[in-house]
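Owing to the predicted nature of the structure, the values given are computational and were not obtained by experimental measurement. As the structure lists them, so they are numbered: ligands from 1, and atoms in each ligand from 1. Quick note: residue numbers are just sequence positions, from 1.
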Amino acid sequence: MCGVVGYTGTKQAAPWLLDGLQTLEYRGYDSAGIQVVSPSGNLHGVKCAGRVAALRERAASANPVGTCGIGHTRWATHGAPTDKNAHPHLDGTGRIAVVHNGIIENFQELKRELMAAGHEFRSDTDTEVIPHLIQEAFNGPAKGDLALAVRNAADRLEGSWALGVICADCPGTLVVTRNGSPLVVATTEDGAYAASDVMPLASVTSHVVQLNDYDVATLTADGTIVIRDRDWRVVESPGSFDIDWDASAAKMGGYSDFMAKEISEQPEAIERLLAGRLGKHGIELDELKLTREELAAVDKIVIIACGTSYHVGLVAKAAIERWAKVPVEVEYASEFNYNEDYLVTDHTMCLVITQSGETADTLAAARRMRGMGCNVFAITNVLGSTAAREADGALYIQAGPEVAVASTKAYTAQMIASYLFALRLALANGNMTPEEVEKHYHDFEAVPDLMREVLSRRWQDKQAARRFRDKVSSLFLGRNVSATTAYEGALKLKEISYLHAEAYPSGEMKHGPISLIESGFPVVAVVPADHVHDKTVSNIQECLARGAVVVAVATDGDERVAKMCQEVLWIPPCPDQLLVPAVSVIHLQLLARYVARDRGYDVDKPRNLAKSVTVE
Ligand code: AGP
């Protein structure tokens, strides 16, 4: 979704703003812009539909001069992705510029009111009401105090926002505020910075300060940051954290795209996650912040997530129910939020799974669970993210920055993190002995090498990808936990190759989707050596009998599948069936990437998608 950057200091602002926007490209966007203010109070902006590269070209010829500025990548919600609708937006006097991430729900009534008072609008966006409201306050009750004017304007807004504001009358001052959309700030020797996430800041600092909802921060050129809360009291000790990865971790480092890099990083991510987790008394999971007794009392778990993280939830359910014998419901956050009849027990616990920790639907669902009296535990990749801060406890998967929009390493790391949680719960409620827990933990330790083995077989995926080159649709099948791998594989293919992919539990195929199959129709069947292997083999037969081309994901040595299927993506045997999804999915990630590249698409920045979906 939209990205926001801001800077005030001793350097020219435009170069860093453009670099910052480039690091935010991964969030997904369709237009971009910057605005700077010179020390003498001249505002100068450039914006355009399309990529940051196009913006750079325009900025190179326009040469905006100023040491204070704001920048934005826009993911269109209100109004098409055009030059006119790109941010920053100005007030009627052209002296106040605003960038905004989020949605202003009451913009229509505000716009009507402002137009009645003589304000003229130039865009179709919801955002444009904000600079006009700030102007009213700046020239009225706030009496030229930009921070106060921003706060007064924000008081009129409904919805979500992260705002960056500059004004020709206060050169060198950058004001930022947020409600529901992420925003962090940092101070350095050459000035103060703001951004909608830590990615742009990693190149200038390793320490960032978090803003809470309704905080208003005033950043000045000497690097000073003054934060005021909703009651306009100065926040003396704001929350802050260190970025625990090097800026180079967010660079491609020799790979042709971030997705390739992130797929390859999975073994190391799992190793980092597991390191030091086995203690004298079982799994060390202090992040849970629950006593053994409190954990033992948990009688129902609700997993809340979206997209790929939802698929993690489906596998986590299998692990928790098998090992800890606690019933689990997995809910799409967006659906859960509007199910008014949801039932919880006195000891229901909520597990929130979110790579970004900023997904609006997931945050809303987690808040609702807390409101229902449930303990909320978050599994997330982003340090200091809203999900982590609002939860009762949070486990960081430490997968490192995930830049490609299509989630890969976060998927497998979140899965193993949820397994650690399952073991901890099983030990607490007496469904596993310490010895059994230890045995499972050692099984987990085998995963990185199993992943490396699959990665070394990527030529199989490259070869199988050719089967999809000229296709318009495909079917993914699997049973039990492998059904989840099928869902995730289909999601990956859809996301980056724009090829329709439908995923079904294998046994459900004959109840409808089988009608899709005709000669040459591609089917991906996840059929590892497990207790449902033969059932899925029968479903593969049904596909083949109708002319399908079947690409199977199968366990080494499976002669039967090798003879039947046109392509086989081989996985090594895994010590536990529940570990198969973490290993087999790598083939489907690679397959999706090869298909997308064959079809000529940018695998890191698929159309219409955003890395972190911060609107409902
Ligand atoms: C994954 O490839 C997708 N980009 C998407 O489904 C994503 O998993 C979903 O939006 C949830 O994001 P989160 O994990 O950051 O909450």
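Here's the thing with Thr359: one of its N/O atoms is less than 3.5 angstrom from an N/O atom of ligand 1. Among the atoms of Thr308, some N or O lies under 3.5 angstrom from an N or O of ligand 1. Checking only distances, Ser356 does come within under 3.5 Å of ligand 1, N or O to N or O.
Cation-pi contact between Arg51 and Tyr29: present, with separation from the ring centre below 6.0 Å and deviation from the ring axis of at most 45°. Relative to the six-membered ring of Phe336, Arg368 meets both conditions, a distance below 6.0 Å and an angle of at most 45° to the axis.
Looking at Glu488 and Thr308, their side chains do bring a donor and an acceptor atom within 3.5 Å of each other.
Shortest contact from atom 3 (C) of ligand 1 to any protein heavy atom: Glu495 OE2, 2.9 Å. From the protein, the heavy atom lying nearest to atom 10 (O) of ligand 1 is Val613 CG2, 4.0 Å. Among all non-hydrogen protein atoms, the one lying nearest atom 11 (C) of ligand 1 is Cys306 O, 3.3 Å.
A distance-only check finds no donor-acceptor pair linking the side chain of Tyr214 to the backbone of Thr177 [under 3.5 Å].
Between Lys492 and ligand 1 there is a heavy-atom distance shorter than 4.0 Å. Heavy atoms of Val405 approach ligand 1 to within less than 4.0 angstrom.
In the vicinity of Ser407, heavy-atom distances shorter than 4.0 Å reach the ligand 1 atoms 1 (C), 2 (O). Those atoms of ligand 1 that come under 4.0 Å of a heavy atom in Ala406, given as number and element, are 2 (O). Near Thr354, with a cut-off below 4.0 Å to any heavy atom, the atoms of ligand 1 are 13 (P), 14 (O), 15 (O), 16 (O).
Put simply, the side chain of Lys462 does not reach to within 4.5 Å of the side chain of Leu591, judged on heavy atoms.
For Tyr498 and Tyr601, the distance between ring centers is under 6.0 angstrom. Separation of the Phe476 and Tyr504 ring centroids does not fall under the 6.0 Å cut-off.
Considering Lys409, Arg277, Arg452 in turn, Arg452 is the only one that fulfils the salt bridge (Lys or Arg N to Asp or Glu O under 4.0 Å) rule with Glu271.
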